[in-house]
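I have placed the structure first, in the form of structure tokens, so that the comments after it can refer back to it.
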Protein chains: 2
Amino acid sequence: MSTVLEASTEATCLSPVEIPTAIDNAFLESLIGYNARRAALAVIGVFMERMAPYGLRVVDFSVLTLITHNPGITSRQLSSMLAILPPNLVGMIRQMQARGLIEKRPHPNDRRAQGLYATAAGEQLQAQTQQVVSTLESEAVTQLTPEERHTLIRLLRKVYEFR
Amino acid sequence: MSTVLEASTEATCLSPVEIPTAIDNAFLESLIGYNARRAALAVIGVFMERMAPYGLRVVDFSVLTLITHNPGITSRQLSSMLAILPPNLVGMIRQMQARGLIEKRPHPNDRRAQGLYATAAGEQLQAQTQQVVSTLESEAVTQLTPEERHTLIRLLRKVYEFR
DNA sequence: TATTGTTATACTCTATAACTATA
DNA sequence: TATAGTTATAGAGTATAACAATA
């Protein structure tokens with residue numbers, strides 16, 4: 001994750017032919033999608049750094065969190081919630097199972113499905129990393145007042161819930 | 001691009017073992033990064049649909065826009081601005097060149113570098129698609145007042161500029 | 001010695017088709 | 001006939017190493 005917007009500042013030569021040194025990025029910067037993406041990348045970048053020691057990617061944390069908070073959730077439900085296609089969940093789940101973080105149990109009403117449950121180790125790791133994420137969240141919005149933070153989330157929801 | 005958060009609503013069976021039907025996603029939804037990412041994905045999803053007829057992806061539009069607004073910009077500068085690694089720009093630039101949208105000219109002061117310039121066709125396509133993007137932006141934030149839109153962008157900048 | 005643009009390549013992420021067992 | 005989970009695989013996106021030409 002690198003700094004996205006660093007204008008080159010080599011003020012060495014003023015060429016007769018116009019070669020830009022300070023870049024005009026006004027239009028892209030006026031777009032919600034552009035700014036939302038940059039903000040997400042910035043936060044998620046730090047997120048990845050902090051999660052790495054625990055061997056979790058962002059998506060792993062999301063999966064483990066949803067399973068912990070929703071014991072018995074199915075793979076299909078995870079797929080819907082996180083917009084991950086079912087085939088791409090198989091490996092993640094298998095890996096977390098192999099690490100002893102989660103386990104599968106037969107679904108009581110549907111023998112096709114399987115309920116997913118966090119193990120004690122999984123719950124512990126989730127609690128640990130949730131704390132890390134909460135701390136990061138506080139830091140990331142240190143520039144924002146609590147009210148601004150609330151406003152930001154409310155406005156972001158408005159943007160993605162209208163579709 | 002699918003709906004990310006659709007709680008399964010099969011109200012058929014109330015099982016004795018607790019199998020969640022309405023999913024608890026409260027923690028993830030409380031995170032700036034999560035909401036920013038969802039908002040970005042929502043807007044960019046529509047973005048992709050609208051750009052497809054012009055044969056441009058989001059990144060292509062960004063590149064074409066920066067070249068149009070900064071005639072003579074170098075590949076290295078694009079790389080910094082858009083957080084795209086230099087090797088991954090080569091193909092894009094070659095393709096846009098083959099489509100007659102941009103052209104390369106020798107850099108006046110640095111024979112290693114090349115200035116990138118939009119052709120007449122490139123400028124026309126950029127103007128067309130910028131209009132499409134502006135329209136989309138208006139629609140995407142139709143739920144927001146102009147002031148809210150301004151606030152949203154200001155707060156997003158605060159989040160990603162603090163690093 | 002450092003930088004620009006490039007090649008080749010590897011790795012990750014995401015998407016599609018098809019199968020099985022159940023519903 | 002439709003759905004849950006899975007396999008295999010294809011494609012897109014992103015990353016690193018190394019090179020020639022030039023600074």
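Lettering follows sequence order; numbering is per chain, from 1. No hydrogens, no waters, no symmetry mates; every other heavy atom, side chains included, goes into these values.
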Residues which pass side chain to side chain contact (heavy atoms under 4.5 Å, CB included) with A/Q124, listed by chain and number, not counting sequence neighbours: none
Set of residues satisfying side chain to side chain contact (heavy atoms under 4.5 Å, CB included) with respect to B/R111, sequence neighbours excluded: none
Which nucleotide in C/dA17, C/dT6, D/dG5 has an atom nearest any side-chain atom of A/A113: D/dG5
Of the listed nucleotides D/dT7, C/dT7, C/dG5, the one nearest the side chain of B/Q114: C/dG5
C/dT6 OP1/OP2 closer than 4.0 Å to side-chain N/O of B/R76: no
Short side-chain N/O contact from A/K104 to OP1 or OP2 of D/dA4, under 4.0 Å: no
Checking [X] now: which residues fulfil side chain to side chain donor-acceptor pair (under 3.5 Å) with it, not counting sequence neighbours?
X	result
B/R149	B/E137
A/R37	none
A/T65	A/Q126

Gap between atoms [atom1] and [atom2], on [X] and [N] respectively (whole Å):
X	N	atom1	atom2	value
A/R94	D/dT6	CZ	P	7 Å
A/H107	D/dT3	NE2	P	16 Å
B/L78	C/dT4	CG	C1'	13 Å
B/I84	D/dT14	CD1	P	8 Å

What nitrogen or oxygen pairs link the protein and nucleotides 20-23 of chain C at under 3.5 Å?
unit_1: C/dA23; atom_1: OP1; unit_2: A/R111; atom_2: N; d: 3.0
unit_1: C/dA23; atom_1: OP2; unit_2: A/R111; atom_2: NH2; d: 3.3

With B/R112 via salt bridge (charged side-chain N to carboxylate O under 4.0 Å, His left out) - residues at least two apart: B/D110
Any B/L28 side-chain heavy atom under 4.5 Å of A/L66 side chain: yes
Using the 3.5 Å cut-off, write out each protein N or O paired with an N or O of nucleotides 10-14 of chain C and the distance between them.
unit_1: C/dC13; atom_1: OP1; unit_2: A/R57; atom_2: NH1; d: 3.4
unit_1: C/dC13; atom_1: OP2; unit_2: A/R57; atom_2: NH1; d: 2.9

Lys/Arg N to Asp/Glu carboxylate O, B/E148 vs A/R154, below 4.0 Å: yes
Scan the side chains in residues 82-99 of chain A for donor-acceptor partners under 3.5 Å anywhere in the protein, sequence neighbours excluded, and list what turns up.
unit_1: A/R99; atom_1: NH1; unit_2: A/G55; atom_2: O; d: 2.8
unit_1: A/R99; atom_1: NH2; unit_2: A/Y54; atom_2: O; d: 3.1

